[in-house]
Protein chains: 2
Amino acid sequence: MSTISKKIEIYLKLLLREAEGNMIEVQRNALAEYFECVPSQINYVLSTRFTTDRGYVIETRRGGGGFVRIKKLDLGLQQKMGKYQIDGQFHYDNYDTIFERLFEEDFLTKRESQLLKSVFGTPALSHLPDKEAGLIRENMFREVLNAVMKF
Amino acid sequence: MSTISKKIEIYLKLLLREAEGNMIEVQRNALAEYFECVPSQINYVLSTRFTTDRGYVIETRRGGGGFVRIKKLDLGLQQKMGKYQIDGQFHYDNYDTIFERLFEEDFLTKRESQLLKSVFGTPALSHLPDKEAGLIRENMFREVLNAVMKF
DNA sequence: ATTTTTCTGACTTTTATTGACCTTTGTCTT
DNA sequence: AAGACAAAGGTCAATAAAAGTCAGAAAAAT
């Protein structure tokens with residue numbers, strides 16, 4: 001039993017496989033017309049099947065010349081990054097080391113790791129209680145991992 | 001899909017790169033005719049893409065021999081960012097713009113600016129009061145400038 | 001019979017395009 | 001010098017061309 005959503009999903013994934021650079025651009029309205037559905041169904045498909053945790057990144061633009069861009073991320077990278085993930089119990093206390101390791105493992109360039117070290121460094125957060133600062137660094141580090149995986 | 005506005009933007013930036021002294025002079029009507037659009041669309045492009053925020057200065061003159069002059073500012077990093085520091089009120093909405101600008105000005109790579117945008121973004125500091133978050137961003141931004149200057 | 005998933009449409013927001021009308025500057029006539 | 005006209009560019013509001021949101025209906029799955 002194949003629903004329209006399923007068909008759209010399959011179609012988009014086909015396009016993705018055939019595309020250069022794991023990336024495609026479609027127009028929501030055109031796609032909806034092609035599949036004879038309402039435009040918002042495209043959003044439904046995107047939000048249920050092309051989610052971040054499945055390794056997709058969606059970017060869109062409204063207005064004249066608008067588009068929907070779907071990027072498929074490299075899962076291998078995600079896996080390899082997995083070991084850096086903060087999962088509640090664990091938290092880092094030495095981010096300098098982490099960023100250096102990320103550099104050595106080629107996830108970051110030298111400059112990138114320097115930049116991050118300076119942002120995470122003491123002066124910026126020094127006026128906060130240690131615990132608070134630690135929490136903020138954790139949150140920021142999560143964002144960093146996220147960003148790196150999207151490269 | 002590319003819009004006319006986008007094409008005009010690209011064209012002007014191309015001219016700028018090839019021009020002496022980071023400055024070009026065009027005629028609004030001629031440009032509009034070349035791109036087969038109404039003259040006021042040129043103003044639209046200028047006001048949405050060649051803004052002060054992005055480091056451009058527009059001067060115009062009406063009447064016979066009128067022109068539109070577009071200057072790309074090429075100040076040092078210090079001067080450019082000094083502007084943001086002087087008014088002090090770094091509005092955090094603006095950090096995206098700042099990092100994009102730093103990328104456009106070749107102080108940061110695309111990736112670096114993406115990284116920084118994600119670190120400065122809402123999620124990382126969302127649990128803090130706005131004022132506190134603003135202060136932290138300011139401090140971190142100072143560190144970023146410092147690091148960039150050492151590159 | 002419920003719960004979950006899919007589908008739909010009304011309403012919103014963002015970005016781009018167009019055109020009617022306005023202002024400034026330069027030049028030509030008288 | 002004044003006025004008329006031409007040759008620029010400016011403004012703003014209306015419209016068009018996208019995509020987003022969200023709640024409720026319908027269909028499918030359990």
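Nothing here was measured: the structure is a model prediction, and the numbers come from that model. A note on names: the letters A, B, ... follow the listed sequences, proteins ahead of strands, and every chain is numbered from 1.
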Apart from A:Leu14 itself, its cluster of hydrophobic side chains linked below 4.5 Å comprises none

Here the salt bridge (charged side-chain N to carboxylate O under 4.0 Å, His left out) pairs for residues 15-39 of chain B, sequence neighbours left out, are B:Glu25-B:Arg69

>> With heavy-atom distances below 4.5 Å as the criterion, would you say the side chains of B:Phe141 and B:Phe120 are in contact?
In response: yes

Apart from B:Leu135 itself, its cluster of hydrophobic side chains linked below 4.5 Å comprises none

Checklist entry - When we call it a touch if two heavy atoms are under 4.0 Å apart, what does B:Ile42 touch: a base, just sugar-phosphate, or nothing? => result nothing

**OP:** Mind checking B:Arg49 for me? I need base, sugar-phosphate or nothing, with any heavy atom below 4.0 Å counting as a touch.
**Re:** sugar-phosphate

At a 4.0 Å cut-off to heavy atoms of chain A, the contacted part of DNA chain C spans C:dT5 to C:dA16

Residue set satisfying side-chain contact (heavy atoms from CB on, under 4.5 Å) with A:Asp96, at least two apart, ordered chain then number -> A:Asn94, A:Lys117

Under a side-chain separation threshold of 4.5 Å, the hydrophobic residues clustered together with A:Tyr56 are A:Ile4, A:Ile8, A:Tyr11, A:Leu12, A:Leu15, A:Leu16, A:Ile24, A:Val26, A:Leu31, A:Tyr34, A:Phe35, A:Ile42, A:Val45, A:Leu46, A:Phe50, A:Ile58, A:Val68, A:Ile70

Separation of D:dT15 atom P from B:Gln41 atom CD, nearest Å, is 18 Å

Identify each atom pair where a protein N or O and an N or O of nucleotides 9-12 of chain D are less than 3.5 Å apart, giving names and distance.
residue: D:dG9; atom: OP1; partner: B:Arg28; partner atom: N; Å: 2.9
residue: D:dG9; atom: OP2; partner: B:Arg28; partner atom: N; Å: 3.3
residue: D:dG9; atom: OP2; partner: B:Asn29; partner atom: N; Å: 2.9
residue: D:dG9; atom: N2; partner: B:Arg62; partner atom: NH1; Å: 3.3
residue: D:dG10; atom: OP1; partner: B:Thr60; partner atom: OG1; Å: 3.2
residue: D:dG10; atom: OP2; partner: B:Asn43; partner atom: ND2; Å: 2.8
residue: D:dG10; atom: O4'; partner: B:Arg62; partner atom: NH2; Å: 3.0
residue: D:dG10; atom: N7; partner: B:Arg28; partner atom: NH1; Å: 3.1
residue: D:dG10; atom: N7; partner: B:Arg28; partner atom: NH2; Å: 3.1

To the nearest angstrom, the OH-P distance between B:Tyr44 and D:dT15 comes to 18 Å

Taken in chain and number order and not counting sequence neighbours, the residues that satisfy side-chain contact (heavy atoms from CB on, under 4.5 Å) with A:Glu112 are A:Leu108, A:Thr109, B:Thr109, B:Arg111, B:Glu112, B:Leu115

Here the distance between atom C1' of D:dG20 and atom CD of A:Glu59, to the nearest Å, is 16 Å

Members sharing B:Tyr44's hydrophobic cluster, built from side-chain contacts under 4.5 Å between Ile, Leu, Val, Met, Phe, Trp and Tyr, are none

